[in-house]
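From a predicted model like this one, the values you see are computed outputs, not experimental measurements. Computed over heavy atoms, backbone and side chain alike; hydrogens, waters and symmetry mates excluded. Lettering of chains follows the sequences in order, A, B, ..., and the numbering in each one begins at 1.
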Amino acid sequence: MNGPTTSPARRRAKPSIRAFAGDRQASSQPLGYVLLAEDDTELRRLVEWSLEEEGFVVHSAGDGRAMLELLEAAARDEIPLPDVLVMDVRMPQYDGLDVLRALRLSRWDVPVVLMTAFPDDRTLEAAKDLGATCTLSKPVDMDDLVRAVSIVHDLARERELLRSRVGPPF
Amino acid sequence: MLIAEDDDELRRLLADTLEQDGYTVRTAGDGRGMLAMLSAVSRGELPRPWLIVMDVRMPACGGMEVLSALRLAEWDVPVVIITAFGDMDLHRDAGRRGATIVLDKPFELDTLVCVARALATAPMLEDDEITNSGRKPPFGGDA
């Protein structure tokens, strides 16, 4: 992931895009379920608040281990299955890439948005190989994050629809 | 995936970026070229695309016309429309014609990569790949 087009500073969602897969009608139904893992309490609260403002229901964890516990709770139907995961890369206990690796090992293809203050090539390459949908560099603009999560959420629904009709893309 | 963009430089940039992310890309310089590729797909000469990226304004035939043709033919492949003229009317029109997403130019290439990854299947791992990665898996495959 070298070169000017993929440098860390450019790994940000862009505002001027519009997806059509999502239903943005006013409704009491949540837009979707997000699991968040971030060890910085202040940033965690800010992300929670921003996503909840948009209409997502957010369950959050302060480290990778707590995120795995949330995922296990979701697998046991104790909390709703997440539509999108948002994770910091560097966290105590298991980091975001460990959790992502565990997800893929479990054949769970929920879309994942990563945030990192250290967007070096090695991290970005690992994130890509494990199927992270996008990696946002910190400091993360909350508008960018909400847009990224919304688009990833909408497109994941589109992906599911497609699979149900024509099978998975090759 | 298939890309139609009449700006040579941008077309190369889009193709390079997506190829760098691991996708196989074929390109056309206008809508007619895209229709020719789609004909080749229906004849089985090209693999079926799982994503199509098209500019709106192109010589011969624009992206919106190709999009309509695709949907008329009941091809539900996701279509990303890219445009430098993305007013609300165009966004609405694209949505009505069945576009998956509209990206207004200039957009960051990473946004397109993000869209492609969001629509692609996530790579799944096997146990031995985890072991080979040298990191202990936090939990097994039963979650």
Q.
Once rounded to the nearest 0.5 Å, what's the spacing between atom CG of L130(A) and atom CE of M124(B)?
A.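 Between L130(A) CG and M124(B) CE, I get 11.0 Å after rounding to 0.5 Å.
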Q. What distance separates L155(A) CG from T100(B) OG1, expressed to the nearest 0.5 Å?
A. 7.5 Å
Q: Using atom types as modelled and distance alone, determine if a side-chain donor or acceptor of R117(B) lies under 3.5 Å from a backbone N or O of G131(A).
A: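 Checking the backbone N and O of G131(A) against the side chain of R117(B), no donor-acceptor pair under 3.5 Å is found.
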Q | Closest non-hydrogen atom pair between T133(A) and C114(B), with its separation | A |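 Here T133(A) and C114(B) meet closest at CG2-O, 3.4 Å.
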Could you go through residues 9-16 of chain B and list every donor-acceptor pair under 3.5 Å that involves a side-chain atom there, pairing it with any protein atom two or more places apart or in another chain?
unit_1, atom_1, unit_2, atom_2, d
R11(B), NH1, E5(B), O, 2.8
R11(B), NH1, D8(B), OD1, 3.2
R11(B), NH2, D8(B), OD1, 3.0

Q: Write out all pairs satisfying side chain to side chain donor-acceptor pair (under 3.5 Å) with one or both partners inside residues 56-74 of chain B, taking only residues at least two apart or from two chains.
A: S68(B)-R97(B)
Q.
Starting from Y33(A), can I reach V99(A) by hopping between I/L/V/M/F/W/Y residues whose side chains sit under 4.5 Å apart?
A.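 No; tracing contacts between hydrophobic side chains, which count when under 4.5 Å, never links both residues.
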Q. In terms of hydrophobic clustering (I, L, V, M, F, W, Y; side-chain heavy atoms under 4.5 Å; direct or indirect links), are M91(A) and L100(A) co-clustered?
A. no
Q: Select, from P111(A), A132(A), A74(A), G64(A), the one with the greatest count of heavy-atom pairs under 4.5 Å involving chain B.
A: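 Ranked by heavy-atom pairs under 4.5 Å with chain B, first place is A132(A).
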Q.
Is it the case that over 12 heavy atoms from other parts of the model lie below 6.0 angstrom from the CZ atom of R107(A)?
A. yes
